[in-house]
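First comes the structure, then the notes that go with it.
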Amino acid sequence: MAAMTMVQAINSALDICLTRDPDVVIFGEDVGYFGGVFRCTEGLQRKHGRTRTFDTPIAEGGILAVAVGMGAYGLRPVVEIQFADYIYPATDQLISEAARLRHRSGGEFSAPITVRTPCGGGIYGGQTHSQSPEAIFTHVCGIKTVMPSNPYDAKGLLISAIEDDDPVIFFEPKRLYNGPFDGHHNRPVTSWTNHPLGEVPAEYYRVELGKASTARQGSTVTVLAYGTMVHVALAAVEESGVDAEILDLRTLVPLDLDAIVESVRKTGRCVIVHEATLTGGFGAELAALVQEHCFYSLYAPILRVAGWDTPYPHALEWSYFPGPARVADALRQVMEAS
Amino acid sequence: MAAMTMVQAINSALDICLTRDPDVVIFGEDVGYFGGVFRCTEGLQRKHGRTRTFDTPIAEGGILAVAVGMGAYGLRPVVEIQFADYIYPATDQLISEAARLRHRSGGEFSAPITVRTPCGGGIYGGQTHSQSPEAIFTHVCGIKTVMPSNPYDAKGLLISAIEDDDPVIFFEPKRLYNGPFDGHHNRPVTSWTNHPLGEVPAEYYRVELGKASTARQGSTVTVLAYGTMVHVALAAVEESGVDAEILDLRTLVPLDLDAIVESVRKTGRCVIVHEATLTGGFGAELAALVQEHCFYSLYAPILRVAGWDTPYPHALEWSYFPGPARVADALRQVMEAS
Amino acid sequence: MKNEPLPQLHIPEPLHRPGDRPDFGYLNIPEPADTACPDPLVRPSEIRDLAFSLIRVLDADGIATGAWNPKLLPELLRRALAAILLTRAYDDRMYRGQRQGKTSFYMKCTGEEAIAVGQAFALSRDDMLFPTYRQQGLLIARDWSLVDMMCQVYSNSRDRLKGRQMPVFYSSKEAGFFSISGNLGTQFSQAVGWAMAAAYKHDNRIAAAWIGEGATAEPDFHHALTFASIFKAPVILNVVNNQWAISSFSGIAGAEQTTFAARALGFGIPALRVDGNDLLAVYAVTRWAADRARSNGGPTLIELFSYRADAHSSSDDPSKYRPKGEADIWPLGDPMLRLKQHLIRLGEWSEARHSVAEAEATERVRAADREAQSYGTLSDGPGHSPGTMFEDVFKEMPLHLRRQRQQAGY
Amino acid sequence: MKNEPLPQLHIPEPLHRPGDRPDFGYLNIPEPADTACPDPLVRPSEIRDLAFSLIRVLDADGIATGAWNPKLLPELLRRALAAILLTRAYDDRMYRGQRQGKTSFYMKCTGEEAIAVGQAFALSRDDMLFPTYRQQGLLIARDWSLVDMMCQVYSNSRDRLKGRQMPVFYSSKEAGFFSISGNLGTQFSQAVGWAMAAAYKHDNRIAAAWIGEGATAEPDFHHALTFASIFKAPVILNVVNNQWAISSFSGIAGAEQTTFAARALGFGIPALRVDGNDLLAVYAVTRWAADRARSNGGPTLIELFSYRADAHSSSDDPSKYRPKGEADIWPLGDPMLRLKQHLIRLGEWSEARHSVAEAEATERVRAADREAQSYGTLSDGPGHSPGTMFEDVFKEMPLHLRRQRQQAGY
Ligand SMILES: Cc1ncc(C[n+]2csc(CCOP(=O)(O)OP(=O)(O)O)c2C)c(N)n1
Ligand SMILES: Cc1ncc(C[n+]2csc(CCOP(=O)(O)OP(=O)(O)O)c2C)c(N)n1
Ligand SMILES: [Mg+2]
Ligand SMILES: [Mg+2]
């Protein structure tokens, strides 16, 4: 075990996969010699060689296309999209191709691709370096969608994603790269050192896709969150004093519905939190499922706390960000409902 | 008034807009001389001239980019994406550009673009000629999303969309182009002639964006539907004998939430129907909103009837399609719930 | 500048529309002897002119001549002719099957058969193909089972794609034939990825991809050229310029300005432009590009100049947008007739043998069709069970899909 | 072929990395006299060689010479030099502002100033500009308010973009300067749409767009060339090749194979390749392309060959991936010094006047900064009210946004 940041945990997962499987190749913009703008691939080219971790032209659609072709050959490509905001040029290759290939070829061809991409705000990135577009992909059958909230999960989930034979989009909340950020942007930055989930085994291990974890046990309301919002929810619980159970979903598709239903049936209340814009966000799917499966257990409407339906603004990003105060408000509101 | 198919109604709207506004230009693949693969632009080039309705290269992203640039100039481009399944190469220009331009430029530049695109299945188009990707765009702030269910609305909504100063995606359920299809694919095809909403004024009129209409009044359950599913819902009501109120949403963003809430508060039950895949579909947003706003009026869980979470299969399309039987089942199920 | 002309938006328009008398007099068609054949490892900058030429081998009399003559054995030529005849017979039968309602849709490659067939013969059997919907000739030239292809078209119980794909969207790993996509262009850049993987593995198989001239406007075309050139991928990038993209003439794809082969010049990729109705020329350029790719020379772009002699698909009626009879006066002729004429000139073929071969092709197709229909058709079944729709979305069916399948009653 | 070499995946690598001694000896730099200047309405096929040349006007001694000499009046040259000095002073001050925490981010254009400034002078004031983030010189050369630009960088109360955009993503309709996007490349094809609209309206304004050599790999580049060539759009398409795209050298964008100007050849678009550090040459090619566009001659692609002398942005540290001192030995020199030298050679400038001009630029920037900061900075405010975030998503605020704004407390 060693204290690792999320960047280091991701780097460790990539290093291990390159070492164990000669079919793993890593590519993307600036990931080669330089090691990535967030340093997640640092040192990998030097250690594993130029053809195994290399820079690509600036063409996200080309990166995905090449990954699909390599997957058809039998490789296991792990690509980086420099910011999730730049995944749109790749949507056709992702949605029409990677996600559909196994089905349309009767199972003969597949696209065992992992797409790593930093998402979320909180670094003054403005509207084009802050988005969380996970809901666009959770709607697409044939793609798995993952978003870890801590170094331990990041490493274990990333190894699982790379070893998975289906395409996986692996969202990395960039605001968590170097510390467990709870939304209090005015407080001193905390680091992963000393955080229990910043303790990461150096060796190979997996965290299974499709399984939520309980970030906090509680009895009166279930909070469904993922990525940065897990830490925000923890802060909100602290501040509101509401004894909430917080589920860290970790994988959105396939979803750990049973864990969700079990918790909400127990607590009778549910608050859903995500950083992406509200309308049509993944929270909508969660709310639809929860009301369907837990209808008779619910004491109060399910509330969603999310980014406003606006672009992520540069200077005003903390007004956009669904911080602990907004989550705490929602917790109080569901507790007050009769 | 004249009997019009949906194709004719759309053609009439385009013709009127070209006539009234010299800044309207129409372009897309095969829309010029030929008049479009679904014939919606037939005769427009001959009547209005080559530079006003013209063919483009096969590049959906290029089409949208050019439309954004034209919009910035001051034109009002109306573009056709030949099938909604081919909108993905245009997502970056749609999401990152058209939808964001007004906001990011402090209101100085805008993209008053209308994107017409045929959606939905039922013509043995297989997975790449049958999709309904509306949920990908309803999640994107800054875009309006419209889907008419009949010729009268199609014309009035299309004129409103073209005159709207924001980007609008206008989904045309291709299975409705020539008749009000209720999902009974084995029965004889019916035409728009004699359908009350196949009666369309020849002249200019608007149907306001953002307003639902009541396709059927009823008392015990509210069905939320749009596009082809409005007719499927009508058939299902017929067959189940359930006295449902059917709302034809017509515009998904901005949504007529008040009409929805009013109806569900009255009926106490809600079934949502769409053709797109279930998970993360627009039905999720509707369910989330309905449970939030009508929680205390609901007798039963809100049910969603939608396409399965699979690609739209060619030969098995009627097993995928959420037809009247499945909708009727859901109606019965919500009625049985205590 | 003074007295500038009024700015105008230029909208390309074909020379001839329905009602006009078609005429290809404006085409400049060089003779086989006009074009030199460089070494396959030549520097691309030395052969830029080939992008504006037209490589040909068969002259007007059916004699093979010039520097590009691949000097093929008559036996191979006869096999190629047989594959062309079979492709044509197959297209005719399947098209009629669609008209009879046995399937929903069909696409012919009439007039373009020499492309897929000639290229299949020039490649190794284990090279990987990334086709569009108009290269059925690749499968046929690789002796792939007609019955298997028909079962896909009929979406029947033996359709390996389980009724999921539209007709003609074949896929066969065993045949080295990548799953055809409905989304134009996507295969072009994927092929480059496959080729990069092969190079990464020091595997000397190469990839070949096809795209229509219309679809070159898609991003995948740009990505293919970009990645192939930068990473020197062993891939052959083929643009089939059949003059039409549904109702849009090639000018809507850029043909008024320059050739499609010229697109390669911007990437330092060698460009060959070839008479696509001349099987020998098609073979020769493909072989050249394959040799180059296998020698670490990287990609080649080939423009195959041809004509879509029939409708775009069974849903299309070309008389709405182009003059009747264009195909008949297409100056590069019919690829089948040209190859036949050549073999006869060589003394290796005769009208009599040709009639027999034609009848054989028709009969093979008829027999295959009988067998395929015995496994079902789209209209009459049997097809795959609806429950199969839930399979292969993921490798293992996740819980939500298992529940949906159950809900659907399977 | 026998004895084929083992297939290899080629990964481009720059000649020099940190620790190496940089050396640009491999660059082939022609003299101004080497390049002919064709008529602006020349057929593109006649000037393909210009895509592989390098148009220059200023020789090593600062003398303007050759066929492309635009013969500019000294007064214009002095104004251009002033704009370059102002751009440099502006960059320095804003960069320091970022380092002092007054804003979150900044991007300099050091070493590339002659491009934006030279091109702005060659265009008409009402031509429409579609820039990237490294053409602040366009605004400055158009005498746009420095204070207005700074307010955007500081996201303060006078920021017309209301704190929504990252610093340097300027937008000004009045300045004919399109809203800069964070998504690389998108402006390139949009400019073509704007130009098509102008042609549609018989309006003789033209559009000009910029893209980095790295971003040419994006689809928008392909779309721009495709649509511009097919519809003969009156647009100037500029590729700024500054050798680097963050940490990736130009070989990762294709520079090992050919020039970026050559991309135009595949579309029958004239290609000019120019010394981007030579303001006179930049002016001349831009004027040529503008004349062509305004005469219905359609688009021109210009590659501006330059060097990114500083970091990619305030978040970047180039010493991690390239040798120190490359900028100092860049063989095309510093654009400011070259223009200064030229003016001195002409007898129209002196070291003394230059010092005064530099001091003036610094002082203008300082004064503007004082004013801008009086309207606020990112760190200290005041900025716009959070309630403004909900505006301009749509022209009229729909109900759900009004409700959200209310919920947010505004
Ligand atoms: C992304 C995408 N856009 C549009 C279409 C609709 N479409 C199918 S075929 C076709 C024309 C293609 O022409 P071309 O590339 O020249 O190939 P050809 O049919 O001539 O072989 C079009 C526009 C599609 N399938 N995919
Ligand atoms: C679509 C997209 N992909 C990636 C990025 C991240 N990014 C920002 S600048 C840059 C490098 C651009 O290099 P180049 O085009 O050469 O322009 P330069 O910075 O040299 O002026 C990258 C990769 C982006 N902004 N947009
Ligand atoms: Mg074609
Ligand atoms: Mg650059």
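Letters go in sequence order (proteins before strands), and every chain restarts at 1.
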Inset, instruction - Compute the ring centroids of C/Phe231 and A/Phe54, then answer whether they are less than 6.0 Å apart. - result: yes

Inset, instruction - Begin from the C-alpha positions of A/Thr222 and A/Ser263 and carry the test side chain to side chain donor-acceptor pair (under 3.5 Å) through to its verdict. - result: CA-CA 6 Å; A/Thr222 301; A/Ser263 175; 2.7 Å; yes

Inset, instruction - Would you mind checking if C/Lys201 and A/Asp23 are paired as a salt bridge, meaning a charged N to carboxylate O distance below 4.0 Å? - result: yes

Inset, instruction - Inspect the contact between A/Arg104 and C/Asp392 and indicate whether a charged nitrogen and a carboxylate oxygen are less than 4.0 angstrom apart. - result: no

Legend entry - A/Arg20 charged N/C atom sitting above A/Tyr204 aromatic ring, 6.0 Å / 45°: yes

Would you mind checking which part of [X] comes under 4.5 Å of any heavy atom in chain A, side chain (CB onward), backbone (N, CA, C, O), both or neither?
X	value
C/Pro398	side chain
C/Tyr200	side chain
C/Asp159	neither
C/Ile180	backbone
C/Ala198	both

Return the option, out of [options], with the maximum number of heavy-atom pairs under 4.5 Å with chain A.
options	result
C/Leu399, C/Val393, C/Thr226	C/Val393
C/Phe130, C/Phe178, C/Tyr170	C/Phe178
C/Pro219, C/Ala207, C/Ala233, C/Ser189	C/Ser189

Contact class of [X] relative to chain C, heavy atoms under 4.5 angstrom:
X	answer
A/Asp258	side chain
A/Ser110	neither
A/Glu108	both
A/Ile63	both

Legend entry - When A/Glu97, A/Arg100, A/Arg52, A/Lys144 are compared by non-hydrogen pairs under 4.5 Å with chain C, the top option: A/Glu97

Inset, instruction - Check whether the side chains of A/Tyr86 and A/Glu29 place a donor and an acceptor atom closer than 3.5 Å, and report yes or no. - result: no

Inset, instruction - Among A/Ile272, A/Ile260, A/Asp256, find the one that has a side-chain contact (heavy atoms from CB on, under 4.5 Å) with A/Leu249. - result: A/Ile260

Inset, instruction - Would you please go through residues 160-169 of chain C and name the residues with a non-hydrogen atom below 4.5 Å from one of chain A, in numerical order? - result: C/Arg160, C/Leu161, C/Lys162, C/Arg164, C/Gln165

Legend entry - Heavy-atom side-chain proximity of C/Phe105 to C/Ser313 below 4.5 angstrom: yes

Legend entry - Check: A/Thr41 side chain, A/Val31 main-chain N or O, donor-acceptor pair, under 3.5 Å: yes

Inset, instruction - May I ask you to decide if the ring planes of C/Phe221 and C/Phe188 are parallel, tilted or perpendicular, using 30° and 60° as cut-offs? - result: parallel

Inset, instruction - Locate the shortest heavy-atom distance separating C/Thr377 from C/Gln373; write the atom from each residue and the value. - result: CG2-CG, 4.0 Å

Legend entry - ring pair (Phe, Tyr, Trp, His ring centres under 6.0 Å) involving C/Phe390 - partner list, sequence neighbours excluded: B/Trp308

